[in-house]
Structures are given as C-alpha cells and as structure tokens.
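When reading the values below, keep in mind they use all heavy atoms of this one structure, side chains included, and skip hydrogens, waters and symmetry mates.
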Amino acid sequence: MDPTHQGPEEYGQNADDSGRSDGRRRPSRESNAADFGQPAPQQARVVRLTAGDLLLTVNPVDGSEVEAVPPGAEAEPPVRRTPAERADHERAGAPPVPAGPPAPQLPLLERQEERERLVGLLARGRSVRLTGQAGSGRTALLDAVAADCADLAPDGVVRLNGHRRTATDLLYGLFDAVHHAPLHRPDPEELLAHVRSIGAVVVIDDLEIGGAALDELLEATPECAFLLGTAPDLPAPGIDAHLEEVLLAGLGRAASLELLAKVVERPLTEEEKNWAGDLWFESEGLPLRFVQAGSLLRQRDRLNTDPTAFDEYDYFEPRPDDAPPVAEAPTPETLDVPLPSLGEGAAPAVLLASRLSEAARETLRFTVALGGEVPHQAHLPALVGDTHADAALGELAHCGLLSPAGPRYRLAAGVLAQLEAGGYAEEAAAHALTAAQHYAWWVSHPSVTPQRAAAEADAIVAAMSRLVPDGEAGRASAAVLLARSAAPALAAGLSWGAWEKALRVGQEAARIAGEVAEEAYFHHELGVLALCTGNLDRARTELETSISMRGALADKSGAVAGRRALALVADRSGGLVPPGRPQAGDEVPAVRQELPSGTPPAAYPAPQFLARQPGEEAPTVVAPLPEAAPGKGGGRVVLGGARRNLAAAGAGALLVAVLGTVVTLGLTAGDPEEPGSRNVTTEQSSPESTPDDGFPDDEPGDVPVPTGGIPGGGTSATPSASEPATPSTSGSPSPGPSSPDASSPGTEDPSSGLPTSDPTSDGPSPSGKPTTPTKSPTPTPTAPTTPPTETPTTPPTEPPTETPDPPSTSTSASGPAESASASASASASSEPPAEDGEPTEVAA
C-alpha cells in the first residue's frame, strides 16, 4: 500500500510492450531539465467494464457513460478459480500483519464442544448461525472451524466480511471469491445463475443482516453451507431457512485465569488471581476483557522494572543521541505499581492508550474521527506526521484494542465509546478533515489501483461522512473533493456498495457547499449506477436532475452524456419517459356528434365543417391533445411542445383554412340572374324529435351567431329544390303550398322551419304569393352551405347554438339559387323592409 509505488498509468486495459495501454510510446525527453520543472498533467484514468449487457465507461471528468455492449465486445465468461488461486485470493483479502514483535498465540479455551458441533453440522450441509456478544471470541472460533472444514466442499471455504454489507454485496463477494471475471459485473440474473452452482462453506463474520435479507441470501445459494457470526439482537431468519442456532457464552473462571496467564506470559500472583476473579464476575467471562486485562498487567510489569519505560522516549520510539541518560531502575522492594481498579479493568481503553507511544495515541484519534475504522498502516506516517508511525498498528493490536475486519482493522467492541468518553473525540472534525485531504490525494495517484482503493473504502466513506454533518463550507468542500476523487476508483474496483455511499455523501456535501457542478456530477453518477443495477425509475429521476443542472451551467459535454444515458433508460423501460405526456400514435380522434339538422349553424367556421360526398374521408380537426394517463408499459412518447408537433399543427390549420376558402368561393359564385341558384338539396336531415329551438341539451348557447347580413338576425335555411320555403306571419312556421314534394299542411318539416327568401324582397315567392316580412319564430338551426360573406349590420336576434361535429352530408347547389341569394343579400341593406308599409320587426 505504498502510495509512492510507480505503476501503470492505465488500469483495466491490457498494456502493450511499450508499457502504454493505448498503443502509443512515451515521448522521449531530450534533457533532464524537465525533471526539475512542473510535472506534466496526468491523464484521467478511464476504465471500461461490463455490467450485464451494458458497457460502462468510468470517466472521472464528465461522468460515466453507459451503452449497450456492441457486438463482438462481450465480456468473457467467468472462469472458476483453482484451489491455489482461491488461496491467493484469500491471502490478499486478509488484514496485514502488524509491524513489531509478533503477538503471542492464544489458545482456544472451552470451545471444543462448540467447535465439534459446528463442524458436524456443516459437514451435513446445514447452515448455522453462531450467536454471541461482541468480545465473546466469535472470530477465533470461526477461524478454527474454517480450518477444520477446508476439504468439505468442492469450492473450499470462503471467508467474507459482513460488517456494513448488504445481501447483494455478499453475493457479489461470494461470486468474486470463486470465479475470476476481471472488469465484469454480472447482472442479477447471471449472478444468481453462477452462485447457485457454487458449493462451498461460506464463513461470514460480523453479519449485520437478518430477516428477509438473510432469507434471500440463503435461498440464492442452495449448494452452500453458511457459518454466520452474528450479535444476539440481530433479527432471526424465517422458518423456511432451516438455520441452526448455536449460542456462544463466556468462559468459566478457570479458563479466564488461564487465558490471562497466557497473555501475561507468566504465572499469576495470588493478588492478581483475586483481581481477575472480580473481573470475571463483572465481565461475564468475555475473552476480550481478559486479553485487555493481560495488556494492563504487562504494562504494570514494565513499570515495575523500568519507571521510565513510558516516558517521552519509551521502547517504541528511538532515543536521540543527545537525550539524558536513563536513571538506574530502583529495586523491586522500593517500587510497587498497584493493580488497576475494577473499573479500569472493565473499561481499560483509556488507561492502555495513555501508556502507548504518541504515534499510537494520534492513530487512535484518527480512528475515533473515522467512526472506529483504522487506516491502513501505510497511511499512518502521512496522517500522523511520523515516519515510524506504521509501528503504532502493532502496539494497538497487541493491547487488544483492535479486531480484524476483512482486509483491515477496526476498533474492538466497546473501545470507541471508551475513547470518546476519555476525550479522544475533541478534535474529531479536524482529524477527519486531514484524513479526507490525504485520501483525496492518495486515491487520485496514478499508482493506486482501483482494487487498493476498494480495500480502503470503509475508511474513505467514513472520512467524508464525518465532514458533512458539520455544515461548514470548507469541510463540505473537502468531502466533495474526496467523493469526486474516490467515486471513479470505487466504481472501477467493482465496489459498488461503497460507490453508492460515496456518491450520496458527495451529493449532500455539494448541496451544502453550493457546488452545483459537482452536485450535477453526483446526480449523473447515481443515475448511471441505478441504470446498471436495473432501477430505471431512480435512474430517470437522477439523470433528469443532472441534465437540468448542467443545462443551467451550460455544460454541454455533461448534458450530452446525461441525455445519452436517459435515452438508454427510455429504451430499457419500453420507450417510457416521465408520465403525464401524450404518446405518439395515440392521437385523440375528432369528436363527431350528429346535428339536429342537415347543416351546421353559421356560428361555426366553414372550413371545419365542409360538405362531404358519400364515401369521402372525414376532415381532420386540429386540436390540442389532452394529457395522456400514465401507463405501466407503452410505446414511444411524443414530447409535448416539440417543434415538429407545432409545425404539423400549423400546417394542418393552414390547409383546412385554404380548403374552406376555396369551397366558400365556389358555393357563393354563380349567375345572379338565374333563379333558383340558392336551391340546395340535402341527403340527410335531422330527426323530427329535435326541439324547435335547435339547441342541444348539453351545449351552451351564449355565443353570438353571425347572421350573414340578414336583417333580423335570422339564419338562412336551405330547403330542397322541389320545396320552396314560405315565411309566415304567425308565430309558427307555415308549410308551403301544395306540390308533389311539399309536406301536407299541419306538419312540421325541420328542414323548412326557417325562411329562405329574403324578407326584404319585393318579388313574388316561388308559389306566386307575395312575401311578407315577419318576425321569425325560434328557428331550428341547420348547417349552412355557405359561410357568411358580409359583416352583419344588426345585432343577432337569437343566441348561438354550439353543436357537435356535422353529420356526413352531401349538398349540391345550383347556380340560379346562388345568384338569387347573392342579389338578396346585396339588397338587404339598401331597400325598405316591405312594400305594404308594414315595418319589419327586428329582434334586439
């Protein structure tokens, strides 16, 4: 773990003979003068790995990019490790041996019965949960049982660390221990297929999951036998798990005294035996308490031998040449250090730390600031500021203050609370800031591989997590820098649990510090992570947030990367985008309702209600699309407000308007001298049950209706060619004279309910009778064949009628009828209302 070790600059790619992964040779240096100047900027380490059927490019600059694996670039199938490779992998994941003299090997006392029982259950393929308090010796017993079960399973014994690990993390750890798959992370289906075929004895220490999560882990690995070391307060799995339970109690008094003598490496005195008996009663025989008590007795022996053993220059620190000479040690008769009190024996962390070197005490301060996570011994010289600080790890381990946790160490059970009460947490924020700055430099160094960064993931996450709750901008910015530097390395090292933690802590720190660009980066990375793990909803949310932030910052390259990932999310989710937007192909059809008469009222524009011949396609109504209800699946979605939709809507409206104008000019054109030019036949009429007022029950009628230049506000109707309409002076319409096609007197024809001839005309009606202008009764609105051509000169007399879309009708107009209508409309505004002197009643 030496950060100054020079290694390859690129990781995750095969290097060629020249030492460059991209095939280029290093530029030659003409002189050594460049060595004394500023170093050249280092290139960002870009790592490409596969996650299922996705190709992930970890880009520390603009953000990771994800795409479907192109053909021919699929990852090689995982290969099972050989027994020798499994042994090497296990040794690489073990905690380092502390510097200094080796610690005495302690025996496993009063555990033979539990040991044999555990081995027997595992040999029969049963999974066992070993439950005991912290400090009861679970780790030592698990090591002994794992050694006894080395040859029981085809894939041997797999040791995993359950501290702060989820069921998914443990499954991927099991897969990595048995299979060799560099730069490949299988998807959940592929992972389950591989772990189902693993037959091994899986030993998990410090397990922190239970209940349904533990059931999921056991169900996914039916060919494995598990030995789980857990605390008593962990939830038990379900009944279907078939998990055996073994309780681990404390040691007896005799075994406790024997363990204490092994730690001290000498026989105990009678006074020490009595003191140890009281300690056994208080600690309930926990082996950890007697290991720490034995360290107190060793320190007492050293003080009795040399009073200056723990002064400024103790045995763990070199004495300079100009230091004062050491005084001669007094005889044992004149010096007798008393035994620690019972309270000091039960909580010995503060007393033990006070007799250690300054480097060891400073290491404890950093450990307390990191929440109990001990930095690797290679980092201690840089953190503490002492070149020999790596020996502090051996001091702490020999005193029983540390316990192994996977590839590193952490504070033993109960030590963190004791040190916090002893004042070791007074400057925790400052120590966490120093650790964060150091890790930010270290993880960005080109010699640090992603695997080494993943091994230090817990300490890195603890350093940045300690700075966020403070709320200070400087410390939050340090957490942002550490998360920004560590996140790509953790992703490339396939430690995605720690990657997610670093991203979330970094996003919160960036929000506190006000660094919008970095916050957008963390949102982008969280979206990519969610996409790779199959959480599409979360991925869409994070990516949209990142795109909006980068768009506000004018970060084009980052926004493009986010849009590419978002397009892949839409493709994976079946073309879905955020709900509430209309989908392509789901155009809302025009609502068409039957009108009460053959033609619509003049209030509606003519282009929307063109006359259609039988079999002619209905016109398309351009209208705003309603909001589509969100659905579970779907097709491609049309983004509301897109330019192409607006252009299509405008083009459709223009086309309808042009067609309406053309039809209007054709209908209104004709010879004004030809009679009967306004005679139009309709092939469809409204049913006789339509009310006389012409207003549907469910349509409002408060919009003014243009009258087309007809005084009195009446709406011109178009009777059939064989039945001219004759207005009546009474309050109800009167039928026309008898004709072969006319209706009989006393019957109402909806199509002839309105006068068609001009009320101001002086000429005779088609039947030979003079036409008398009268106040029209409540007319039945019918669809006009022509739109109004002139602006009405009088206010309308009837409220408008909003009717649904017209029915499919076919109208034919003759030239004379159009000419008569045109002349009648032209004379309506200049001639007197009637010839007989009777004024024309105009409705207000």
Single hit among Glu515, Glu508, Gln507 for side-chain hydrogen bond (donor to acceptor under 3.5 Å, both in side chains) with Arg511 = Glu508
ask   = Donor-acceptor pair, Arg484 side chain versus Pro60 backbone, under 3.5 Å?
value = yes
query = What is the distance from atom CG of Leu297 to atom CZ of Arg266, rounded to the nearest 0.5 Å?
reply = 6.0 Å
ask   = Side chains of Leu214 and Leu228: closer than 4.5 Å at any heavy-atom pair?
value = yes
task = Tell me whether the centres of the aromatic rings in His379 and Phe366 are closer together than 6.0 Å.
result = no
task = Would you tell me whether His163 and Asp458 have side-chain atoms, one donor and one acceptor, within less than 3.5 Å of each other?
result = no
query = Are Glu116 and Asp148 side-chain neighbours, meaning at least one heavy-atom pair lies under 4.5 Å?
reply = no
message = When you compare the side chain of Asp206 with that of Arg138, does any pair of heavy atoms fall below 4.5 Å?
response = yes
key: Phe226 side chain near Leu217 side chain, heavy-atom distance below 4.5 Å   = yes
ask   = Any side-chain heavy atom of Ser403 within less than 4.5 Å of one from Thr139?
value = no
query = For residues Glu373 and Thr367, is any side-chain donor paired with an opposing acceptor at under 3.5 Å?
reply = no
query = In terms of heavy-atom contacts, does CD of Glu85 have more than 12 from other residues, nucleotides or ligands at under 6.0 Å?
reply = yes
note = Rounded to the nearest 0.5 angstrom, the CG-CG distance for Asp205 and Leu142 is 5.0 Å
query = Step by step, would you call Arg452 with Glu456 a salt bridge (charged side-chain N to carboxylate O under 4.0 Å, His left out)?
reply = CA-CA 7 Å; Arg452 294 167 63 189; Glu456 202 73 9; over 6 Å; no
ask   = Do the side chains of His431 and Glu362 get nearer than 4.5 Å, heavy atoms only?
value = yes
query = Is Arg81 salt-bridged to Glu90, going by a charged N under 4.0 Å from an acidic O?
reply = no
inquiry  = Classify the ring geometry of His438 against Trp441: parallel below 30°, tilted from 30° to 60°, perpendicular beyond 60°.
reply    = tilted
